[in-house]
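The structure under discussion appears below in the form of structure tokens.
Just so it is clear: chains get the letters A, B, ... in the order the sequence lines come, proteins before strands, and each one is counted from 1.
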Amino acid sequence: MRVSNLFGTTRRSVPGDDLASHQFLLRAGFLQQLATGLYSLLPLGWRTEQKIRAILREEMNAIGGQELFMPVVQPADIWQKSGRWNSIDQVLLRFQDRRGRDMALALSHEEVVADLTAANVSSYRDLPRIVYQIQTKFRDEARARGGLLRTREFSMKDAYSLDRDQAGLQSAYVAHFRAYFKIAARAGIPVAAVLSDVGVMGGHLAHEFIYLNDAGEDTLVFCDTCGYAANQEVAETQLPEPETEKEGELEEVATPGAVTVAELSAFLKVDPSRVAKSVAFMAEVERGQPARMVLALVPGPAEVNLARLRSATGAVELRPATSDEIVRAGGVPGYMSPRGLAAEAATVVVDETLGRRRNLVTGANREGWHLRNFNIARDCQQVKITRLAAAENGDPCSNCGSPLRIRRGIEYGNIFQLGTDYSTSLGALYDDEAGEQQPVVMGSYGIGVGRLFACIAEEHHDERGLTLPLAVAPFAVALISVGQEEAVGQLAEASYQQLCDAGIEVLFDDRVASPGVKFADADLRGMPLRITVSPRSLQAGGAEFKRRLGEARIVARKSILEEVKAELEDLRRQEVDRVQTQMAPVEALIAQTFTGGA
RNA sequence: CGGGGCGUGGUGCAGGGGUAGCACGCCACUUUUGGGAAGUGGAGGUCGGCGGUUCAAAUCCGCCCGCCCCGACCA
């Protein structure tokens with residue numbers, strides 16, 4: 001491809017304060033935004049996308065996946081059968097066709113797979129199977145953000161395993177677990193697998209595949225000692241031993257102006273963890289029903305884990321209460337507590353850690369006053385005690401007690417053990433050897449292609465632009481001619497032809513432009529190998545070779561082709577080595593993750 | 001959905017009641033050619049939309065739309 005013929009231009013500047021990598025993708029002419037959460041991939045971006053897709057296909061095929069293709073526009077009835085028509089709200093985009101039939105844009109394809117399975121699987125002899133596709137999904141996100149990280153329309157590689165029993169599912173799950181590490185390694189990003197919430201997918205066991213990065217939206221919990229890794233939403237921590245200290249007498253203490261946990265603990269000179277913090281939420285238990293107040297009590301430094309609060313209360317909708325709502329329920333903002341609050345005013349849920357502590361500090365529900373020697377069992381009636389606090393940095397690992405570490409990351413893939421919910425509701429049954437009908441046991445396995453793309457760009461850029469691995473770079477070689485000298489033009493053209501003929505992907509900057517512009521654009525686009533033909537290089541005997549992340553050297557004009565081949569072969573070998581290195585610990589990890597568990 | 005910000009040539013921005021500007025890009029010619037060249041000449045904008053105030057609105061007011069950020073939300 002000649003730059004003079006390329007659709008899409010580089011830009012000197014773009015607005016916004018996105019991730020640096022996303023700005024480079026925009027500036028290099030890989031992407032262009034159409035509207036919130038909707039992006040076009042320009043030719044350069046599309047080439048990279050296709051290389052990522054090729055890796056996905058190869059690794060899915062390698063575990064026995066069969067590619068197919070399912071509609072994005074789907075009739076409501078399969079979503080009604082699975083129950084998700086009602087259980088998912090606004091992210092599922094609904095509309096009607098001309099006949100007034102309810103339709104939806106697929107945000108995932110479990111229903112269709114179950115429907116296909118019902119029609120195509122009838123015997124245990126038809127199992128196991130793995131099918132997958134790379135297809136558009138649409139999720140009408142409340143707020144798209146972060147460039148490619150959270151878009152509304154996006155491509156996903158989604159795979160589905162069909163098995164006759166849990167043992168079969170388990171082995172498909174492990175195969176995907178391994179394949180996802182391989183994909184990350186080939187795409188050139190580090191990856192961590194963490195236990196995750198099953199969310200609206202339903203099912204039992206789930207893992208997320210995370211690219212660790214401070215800009216990520218997800219909060220992960222790691223134990224460096226035993227290897228425990230989980231999304232904060234589901235991370236377990238060790239409970240403290242129940243305290244046996246004598247219960248003191250409940251007393252009010254004046255705490256003027258001490259509204260936050262920090263102020264309060266400083267004022268009363270108690271450890272913040274001994275403060276029972278009350279956080280008020282409004283919970284909608286059934287869609288459309290009036291919200292009820294839920295008071296969550298957690299240790300002072302802790303955050304409320306919304307996933308747990310949701311499951312503890314059965315809420316479908318959960319949001320922080322406003323001051324007005326707190327007052328209306330009879331609470332005093334800043335001094336809130338379950339004490340002195342009418343039982344019918346709010347549901348109270350207490351973190352189990354607090355249940356094991358004695359003589360805590362909590363609000364008095366009176367402006368300027370708190371309570372001392374507060375003991376849950378004695379001083380609160382009608383409370384539900386459960387795990388509620390999100391794991392914090394330094395909390396003891398539930399496995400081994402070592403301090404946990406909190407990190408941020410970007411989730412680009414996930415795997416779910418779905419079980420039989422979808423197959424049962426959509427009639428995906430098979431006959432076993434005894435002729436008994438059984439539901440097919442399903443798993444579902446997604447990778448967001450755009451997110452993976454974004455993660456790759458984030459991992460591979462420097463101050464000048466992208467530095468993509470050969471495996472995903474839109475072109476292997478950036479060829480640049482400098483100046484208008486005839487000899488330069490001749491060698492550049494000849495090299496371009498020669499390389500193209502050899503099947504090497506070359507982006508030839510044949511424009512009449514100053515060298516600075518060409519070098520800057522080549523750096524921005526990030527092709528792994530740059531070849532410059534210039535009066536200076538001719539003087540030195542040929543062309544200049546420079547890796548995007550390496551030093552320049554002169555190559556004789558007669559050996560350009562073979563040297564390019566050697567360079568690319570070397571880059572390829574480095575990437576293979578890197579994949580091997582990255583995969584080395586994975587088997588041990590799999591053994592550790594799946595023995596005795598799940 | 002709450003809070004904040006921004007919509008002005010292709011891109012990035014300034015202007016803030018009276019002639020619509022700058023830089024980059026683009027077109028033509030000339031000179032240049034190893035890190036985003038120089039000169040000369042040119043093209044390109046119903047100032048997001050609708051309504052209002054005014055002799056006069058890009059500018060003031062109202063409503064709407066779009067985009068961005070924070071939060072809520074989130075396979």
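- Every residue two or more places apart in sequence or in another chain that forms a side-chain contact (heavy atoms from CB on, under 4.5 Å) with A/K277 is listed here: A/V261, A/V279, A/V298.
- When the C1' atom is compared between B/U54 and B/U40, the two are found 44 Å apart, to the nearest whole Å.
- For the pair A/E458 and A/I189, the minimum side-chain heavy-atom distance is 4.5 Å or more.
- Between A/R310 and A/D197 there is no salt bridge, since no side-chain N of the basic residue sits under 4.0 Å from a carboxylate O of the acidic one.
- Classified by interplanar angle (parallel below 30°, tilted 30° to 60°, perpendicular above 60°), the ring pair A/F181/A/F177 is tilted.
- B/A20 and B/G62 have their P atoms separated by 27 Å, with the value rounded to a whole Å.
- A/Y412 and A/F209 have tilted rings, their planes meeting at an angle from 30° to 60° on a 0 to 90° scale.
- Regarding A/F154, its CZ atom lies at a distance of 15 Å from the P atom of B/C74, rounded to whole Å.
- When the C1' atom is used for both B/G5 and B/G48, the distance is 16 Å, rounded to whole Å.
- Here B/C73 presents its C1' atom at 15 Å from CG of A/L309, a figure rounded to the nearest Å.
- Salt-bridge annotation for A/R536 and A/E544: absent, with no side-chain N of the basic residue lying under 4.0 Å from a carboxylate O of the acidic one.
- With distances taken from any side-chain atom of A/S534 to the nucleotides B/G34, B/G12, B/U33, the minimum falls on B/G34.
- Using C1' as the reference atom, B/C24 and B/C64 are 34 Å apart when rounded to the nearest Å.
- A/K81 has no carboxylate O lying under 4.0 Å from a charged side-chain N of A/D115, or vice versa, which leaves the two without a salt bridge.
- Scanning atom types as modelled, one donor and one acceptor separated by under 3.5 angstrom connect the side chain of A/R530 and the base of B/G35.
- One atom, CZ of A/R536, and another, P of B/G34, lie 7 Å apart when rounded to the nearest Å.
- One can place CD of A/E233 at 9 Å from P of B/C74, the figure rounded to the nearest angstrom.
- For the C1' atoms, the distance from B/C60 to B/C68 is 26 Å, rounded to whole Å.
- Remark: the separation of the C1' atoms in B/U59 and B/G21 is 14 Å, to the nearest Å.
- For A/S537, counting side-chain heavy atoms from C-beta on, the closest listed nucleotide (B/G35, B/U33, B/G34) is B/G34.
- Rounded to the nearest Å, the gap between the P atom of B/A58 and that of B/C73 is 44 Å.
- Distance, A/F416 CZ to B/C74 P: 14 Å, rounded to whole Å.
- A/S196 comes within 4.0 angstrom of no nucleic acid atom, judged by non-hydrogen atoms across all strands.
- With sequence neighbours excluded, the residues forming a side-chain contact (heavy atoms from CB on, under 4.5 Å) with A/D523 are A/R464, A/R530, A/R548, listed by chain and number.
- Take the nearest nucleotide of RNA chain B for A/R150 and for A/A552: the residue whose nucleotide is more 5' is A/A552.
- The CD atom of A/Q90 sits 12 Å away from the P atom of B/C74 (whole-angstrom rounding).
- Going from atom CZ of A/F138 over to atom C1' of B/C74 covers 14 Å, rounded to whole Å.
- Where RNA chain B pairs in unbroken runs of 3 or more (Watson-Crick or G-U, both distances under 3.5 Å), the stems are B:1-7 with B:65-71, B:10-13 with B:21-24, B:26-31 with B:37-42, B:48-52 with B:60-64.
- A/Y39 and A/H22 have perpendicular rings, their planes meeting at more than 60° on a 0 to 90° scale where under 30° would count as parallel.
- Between the P atoms of B/U11 and B/U46, the separation comes to 13 Å (whole Å).
- The 5' end of RNA chain B is approached more closely, in terms of each residue's nearest nucleotide, by A/G146 than by the other of A/G146 and A/F281.
- Under 4.0 Å is where a charged nitrogen must lie from a carboxylate oxygen, and between A/E59 and A/K157 no such pair does.
- Relative to the side chain of A/V482, the nucleotides B/U33, B/C74, B/G35 differ in distance, and B/U33 lies closest.
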Kindly give the atom pairs (protein nitrogen or oxygen, nucleotide nitrogen or oxygen) under 3.5 Å for nucleotides 36-39 of chain B.
residue	atom	partner	partner atom	Å
B/G36	O2'	A/R12	NH1	2.6
B/G36	O2'	A/R12	NH2	2.9
B/G36	O6	A/R27	NH2	3.0
B/G36	N1	A/D521	OD1	3.2
B/G36	N2	A/D521	OD1	3.0
B/A37	OP2	A/S514	OG	3.0

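- Partners of A/S423 under the side-chain contact (heavy atoms from CB on, under 4.5 Å) rule, at least two apart in sequence or in another chain, are A/T420, A/A428, A/P439, A/V440, A/M442.
- The aromatic rings of A/F24 and A/H461 sit tilted relative to each other, their planes meeting at an angle between 30° and 60°.
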Under-3.5 Å N/O pairs linking protein and nucleotides 63-67 of chain B:
residue	atom	partner	partner atom	Å
B/C67	OP1	A/T36	N	2.9
B/C67	OP1	A/T36	OG1	3.1
B/C67	OP2	A/T36	OG1	3.3
B/C67	O5'	A/T36	OG1	3.0

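- Residue A/E141 contributes atom CD, which lies 15 Å from atom P of B/C70 at whole-angstrom precision.
- Within the nucleic acid shown, A/E544 comes within 4.0 Å of at least one base atom, counting heavy atoms only.
- The ring of A/Y132 has its center no closer than 6.0 angstrom to the ring center of A/H176.
- Between A/R143 and B/C1 there is no side-chain polar atom (N or O) within less than 4.0 angstrom of OP1 or OP2.
- A/Y173 places no side-chain N or O within 3.5 Å of a backbone atom of A/Y445 that could act as its donor or acceptor partner.
- No engagement by A/I480 is indicated, since no non-hydrogen atom pair under 4.0 Å with the nucleic acid exists.
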